K.L.:
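Take a look at the following structure, please.
What you see is a predicted model, and the numbers here were worked out from it, not measured in a lab. Order of the sequence lines sets the chain letters (A, B, ...), proteins ahead of strands, with each chain counted from 1.
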Amino acid sequence: MVPADRPRPRRQNQGKDEGIARSRRSRQKEMIDIQLLRTDIDAVAKRLATRGYTLDVAGFKALEEARRRIQTATEQLQAERNAVAREVGQAKAKKDEARAAALMRQGAEFGEKLKSMEAENTAVQEKLRQFVSLIPNLLHESVQIGSRPEDAVESRRWGEPRKFDFQPKDHVDIGAGLAGMDFDTAAKIAGARFVVLKGAVARLHRALAQFMLDVHTAEHGYTEVYTPYMVSGECADGVTSLAKFKGDLFKVEDRDLYLIPTSEYSVTNFVRDEIVPLEKLPLKFVCHSPCFRSEAGAAGKDTRGMIRNHQFDKVELVHVVHPAKSYEAHEQLTGHAEAILRKLGLPYRVVTLCTGDTGFSSAKTYDIEVWLPGQNAYREISSCSNFEAFQARRMQARFRNEKGKPELVHTLNGSGLAVGRTLIAIMENYQRADGGVDVPSVLLPYMGPLKAIVPPR
RNA sequence: GGAGAGGUGACGGAGCGGUUGAACGUGCCGGUCUCGAAAACCGGAAUACGCGCAAGCGUAUCGUGGGUUCGAAUCCCACCCUCUCCGCCA
């Protein structure tokens, strides 16, 4: 999957119970570069403030000071212990049993003291790690400072919203008219925020996913992948802060497994603990999968229809790139998502999220918003982010650079596109006065004989 | 689910509990030789963290976690993963 000549994958331990596995490696990981905090914490605090995040500078300094003290002391004691142990070996080699016995007695004295110091050291390191792992990524300097979604900066629009000579309906009414969208049955079997699709509408939904995969693989150079729909807690923590966003995910009972809220979770982790050869970069994957989200904080929001469901399909684009190329890749990836909308003839606009609205792991995010006549508004259909080295640092995803040294990669991803919302956009934008929906020409090859979806008579 | 085998560096593969960060081989980088190349020979090369202006020193890392011990890749326990056989199953 990753490089063909990759080393045999190292199996990481899986913490049995919930939470972040405490492997040595995960103990070291942090989200933003801890060196930056040590050397220039005030500048970091200032940049984080634009997100609305208050960095506890004093708290960090205290923790860091404690860490420095205990780590140095512990390592010193370990060095002494090692020296004594080595001497025992040498004494025994020389058959000097008396000296060996004396040294062994001396070595035994390290026992309890070392044990408690090591424990304290581990505890402080863990505390520090947790502190750092809750800090969001630093934003790219081009990102507009703001706190509300409306502060996003629009960078371009494509297409003209269609003028209707009748009153356009929203997807719920259209879907009902076509007998193709059934929220009642979905509610009966799973509760609110689910949908059952039927007949030609279900087929259109499938056609969209196929179409997107075909375009991205054939025209944009992506490798199609199929992945697990569940990931370990450790992997979830690689792409964002599990501690912080646990509530947004569905967790499998009694297991350290989470349903993916996007295939970014499974795909980006392909490179976890890997050192990718330079010549393999960039890696570009496209993955169609269902996505599961608890929508815990969205009570009362978008309750009508299938705008915001617990389960939806998405075709996801993931890039793993050389750090020098990530902003270039960000533009390309966003363009790939836009290409789908253009081929489908759906009007959209692209906005750059402001500092306060950009996701935890992202340095810069473009949202693509599609025009929905039923809502008379542009609504998000894709979110394209550059995470720089943030996720890579958490995952220990690296490449071998020009000098042969391992260095963190940059990761990016974006929806290309959310399939459910694309379905909605097509139904609303291609609706007819008679309640039918025309099939966009690029989808005709996927729809068999159907040129339009019409209400049953 | 039952029985067995096994997890060591880029790869293959050693490793009586004691200078083993790890033999040996391959591959890789540099050099000698050559008109050039191959071969041969010589040399180099892990990762992370800490302290230090630096040279450098130290600590940790042999699936993961814990235990025994002055000292663990080597012994003990638990877990994870891989492989083979049997059973069950989409």
K.L.:
Contact class for A:Val84 vs. all strands (heavy atom < 4.0 Å): base, sugar-phosphate, or nothing?
P.N.:
nothing
K.L.:
What is the distance, rounded to the nearest whole Å, between atom CD of A:Glu402 and atom P of B:C28?
P.N.:
20 Å
K.L.:
Can you tell me which nucleotide in B:C51, B:U47, B:C49 comes closest to the side chain of A:Pro406?
P.N.:
B:U47
K.L.:
P atom, B:G18 versus B:C75: distance in rounded Å?
P.N.:
11 Å
K.L.:
If you assign each of A:Ala79 and A:Gln71 to its closest nucleotide in RNA chain B, which residue comes earlier from the 5' end?
P.N.:
A:Gln71
K.L.:
Considering only the P atoms, how many Å lie between B:U74 and B:U82, rounded to the nearest integer?
P.N.:
23 Å
K.L.:
Can you tell me, in whole Å, how much space there is between the C1' of B:C16 and that of B:A73?
P.N.:
14 Å
K.L.:
Dot-bracket for RNA chain B, please. Rules: Watson-Crick or G-U, both distances under 3.5 Å, ( ) within the strand, [ ] when a pair crosses earlier ones, | for another strand, . otherwise.
P.N.:
((((((((.[[[..)..(.....]]].(((((.......))))).((((((....)))))).[[[[[..)....]]]]])))))))....
K.L.:
Which comes earlier along RNA chain B counting from the 5' end, the contact point of A:Ala83 or that of A:Arg400, where each point is its nearest nucleotide?
P.N.:
A:Arg400
K.L.:
Say you pick atom P in B:A55 and the same atom in B:A45; how far apart are they, in whole Å?
P.N.:
16 Å
K.L.:
Hey, does A:Gln90 reach any base, or is it just sugar-phosphate, or nothing, if we go heavy atoms under 4.0 Å?
P.N.:
base
K.L.:
Using the P atom on both, measure B:G58 against B:G21 and round to a whole Å.
P.N.:
12 Å
K.L.:
Rounded off to whole Å, could you give me the CZ-to-C1' distance for the A:Arg86 and B:U19 pair?
P.N.:
6 Å
K.L.:
With C1' as the reference atom in both, quote the distance from B:A39 to B:C53 in angstrom, rounded to an integer.
P.N.:
48 Å
K.L.:
Please classify the nucleic acid contact of A:Arg67 as base, sugar-phosphate, or nothing, using heavy-atom distances under 4.0 Å.
P.N.:
sugar-phosphate
K.L.:
Whether A:Glu407 and A:Arg400 form a salt bridge (side-chain N of Lys/Arg under 4.0 Å from carboxylate O of Asp/Glu) is what I want to check.
P.N.:
no
K.L.:
Per the side-chain hydrogen bond (donor to acceptor under 3.5 Å, both in side chains) rule, what does the pair list look like for residues 68-85 of chain A, sequence neighbours excluded?
P.N.:
A:Arg67-A:Gln71, A:Gln71-A:Glu75, A:Gln71-A:Gln125, A:Gln78-A:Glu118
K.L.:
In whole Å, what separates the C1' atom of B:G63 from that of B:U8?
P.N.:
10 Å
K.L.:
How close or far is atom C1' of B:C28 from atom CD of A:Glu279, stated in whole angstroms?
P.N.:
12 Å
K.L.:
Say you pick atom C1' in B:G6 and the same atom in B:C62; how far apart are they, in whole Å?
P.N.:
14 Å
K.L.:
Would you please indicate if the ring centroids of A:Tyr366 and A:His330 are separated by under 6.0 Å?
P.N.:
yes
K.L.:
Would you say a side-chain N or O of A:Arg398 is under 4.0 Å from OP1 or OP2 of B:U47?
P.N.:
no
K.L.:
For the rings on A:Tyr222 and A:His319, is their centre-to-centre separation under 6.0 Å?
P.N.:
yes
K.L.:
Would you say A:Lys405 places a side-chain N or O within less than 4.0 Å of OP1 or OP2 belonging to B:U47?
P.N.:
yes
K.L.:
For a quick test of reading the model: is some side-chain N or O of A:Asn82 closer than 4.0 Å to OP1 or OP2 of B:A60?
P.N.:
yes
K.L.:
Got a second to check how far A:Lys325's NZ is from A:Gln332's CD, nearest 0.5 Å?
P.N.:
9.5 Å
K.L.:
Could you state the atom-to-atom distance from CD1 of A:Ile275 to C1' of B:A45 in whole Å?
P.N.:
14 Å
K.L.:
In whole Å, what is the span from the CZ atom of A:Arg68 to the C1' atom of B:G52?
P.N.:
11 Å
K.L.:
Are A:Tyr258 and A:Phe250 close enough that their ring centres sit under 6.0 Å apart?
P.N.:
no
K.L.:
Using a cut-off of less than 4.0 Å, is there contact between a side-chain N or O of A:Lys115 and OP1 or OP2 of B:U68?
P.N.:
yes
K.L.:
Whole-Å distance between B:U69 C1' and A:Gln106 CD?
P.N.:
16 Å
K.L.:
Within this structure, what is the CD-to-C1' distance between A:Glu407 and B:A48, rounded to whole angstrom?
P.N.:
16 Å
K.L.:
Using whole Å, what does the distance between atom C1' of nucleotide B:A10 and atom CG of A:Leu278 come to?
P.N.:
16 Å
K.L.:
Is the distance between the ring centroids of A:His322 and A:Phe399 under 6.0 Å?
P.N.:
yes
K.L.:
Can you see which heavy atom on A:Asp237 is nearest to which on A:Leu242, and at what distance?
P.N.:
OD1-N, 2.8 Å
K.L.:
Indicate, with a heavy-atom threshold strictly under 4.0 Å, whether A:Gly107 touches base, sugar-phosphate, or nothing.
P.N.:
sugar-phosphate
K.L.:
Between A:Arg105 and B:C70, is there a contact of a side-chain N or O with OP1 or OP2 at under 4.0 Å?
P.N.:
no
K.L.:
For A:Leu134 versus A:Ala243, what's the shortest heavy-atom pair and its separation?
P.N.:
CD2-CB, 4.2 Å
K.L.:
Can you find a side chain N or O atom of A:Arg69 that sits less than 4.0 Å from OP1 or OP2 on B:C51?
P.N.:
no
